[in-house]
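Heads up: the structure comes next, in structure tokens.
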Amino acid sequence: MLLSFYTLGSMKKYGWLLLSVFLFASCVRISDLSYDGIESVEVVSVGMNQSAVDLFVRASNVSGTNLTVVKAELTLDRDGVRLAQVEVGEKVKLPKRFEGTVRVPVKIRIEGGLFGMASIASVLSNRGVGTTVSGEVVVKAGLAKKRFKIENMDTGRFLRQFGIDTEEIIKGFAL
């Protein structure tokens, strides 16, 4: 009985230590992160069902913790009809104490072929009015993972949160 009590006591002691290290390693303040805009957009491939682009984003992470976007899947809808689905194609790392350009590989599926592409161009030129964004983004900071759900957020509001101007996107794609 003494052995099991000792083991339980040790587990509690080391459990708190592990939890403390975990919380300390995952402390990243929003003020430590900065998004400074899209530097450039490179079209990797264009297809009728799916296209791929590389976004080169100016960003900084002055925290002492590496950040990684593990997963990002977003859907653009208008009146409950899916117009496009966007997915980050691989993990995107923002190293600790970093300031510079980060490559974000994005896969885009536009519903409806050429008609769908025209719809997306219309959405961008109207600054996303009448459309919503839904999806999920999973970010890893240190040892912690945080899942962010987005449900039917106005597209214009979604883009403004990241300082994205639709005119900048249109110029990037030369539409």
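Everything quoted here is computed from the prediction, not taken from an experiment. Nothing fancy with the numbering, it's 1 onward along the sequence.
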Considering non-hydrogen atoms only, spot the tightest contact between [X] and [Y] and give its length.
X	Y	result
Ala141	Leu67	CB-CD2, 3.3 Å
Lys93	Val102	O-CG1, 4.0 Å
Thr101	Arg58	OG1-CG, 4.2 Å

side-chain contact (heavy atoms from CB on, under 4.5 Å) between Val92 and Thr68, worked out: CA-CA 5 Å; Val92 177; Thr68 303; over 6 Å; no

Positive for side-chain contact (heavy atoms from CB on, under 4.5 Å) with Val106, one of Val41, Val44, Val86: Val86

Backbone of Lys96 reached by a side-chain donor or acceptor of Asn66 within 3.5 Å: yes

Do [X] and [Y] land in one hydrophobic cluster if side-chain heavy atoms of ILVMFWY residues count as linked below 4.5 Å?
X	Y	result
Leu94	Val70	no
Val138	Ile150	no
Val43	Ile110	yes
Leu55	Val46	yes

Evaluation steps, side-chain contact (heavy atoms from CB on, under 4.5 Å), between Phe148 and Val139: CA-CA 8 Å; Phe148 299 94; Val139 178; 4.0 Å; yes

Stepwise side-chain contact (heavy atoms from CB on, under 4.5 Å) test for Thr131 and Asp77: CA-CA 5 Å; Thr131 60; Asp77 294 322; over 6 Å; no

Gap separating the [atom1] atom of [X] from the [atom2] atom of [Y], nearest 0.5 angstrom:
X	Y	atom1	atom2	result
Arg78	Thr155	CZ	OG1	9.5 Å
Glu136	Glu87	CD	CD	11.5 Å
Lys71	Lys140	NZ	NZ	16.0 Å
Leu83	Gln85	CG	CD	12.0 Å
Thr65	Arg97	OG1	CZ	8.0 Å
Ile108	Leu74	CD1	CG	11.0 Å

Verdict with supporting geometry, Val104 and Val88, side-chain contact (heavy atoms from CB on, under 4.5 Å): CA-CA 7 Å; Val104 181; Val88 174; 4.3 Å; yes

Pairing of Arg103 and Glu90 as salt bridge, 4.0 angstrom limit: yes

Donor-acceptor side-chain pairing of Asn152 and Ser134 below 3.5 angstrom: yes

Ser60: side chain to side chain donor-acceptor pair (under 3.5 Å) partners, not counting sequence neighbours: none

Residues, nucleotides or ligands: over 12 heavy atoms within 6.0 Å of Gln50 CD: yes

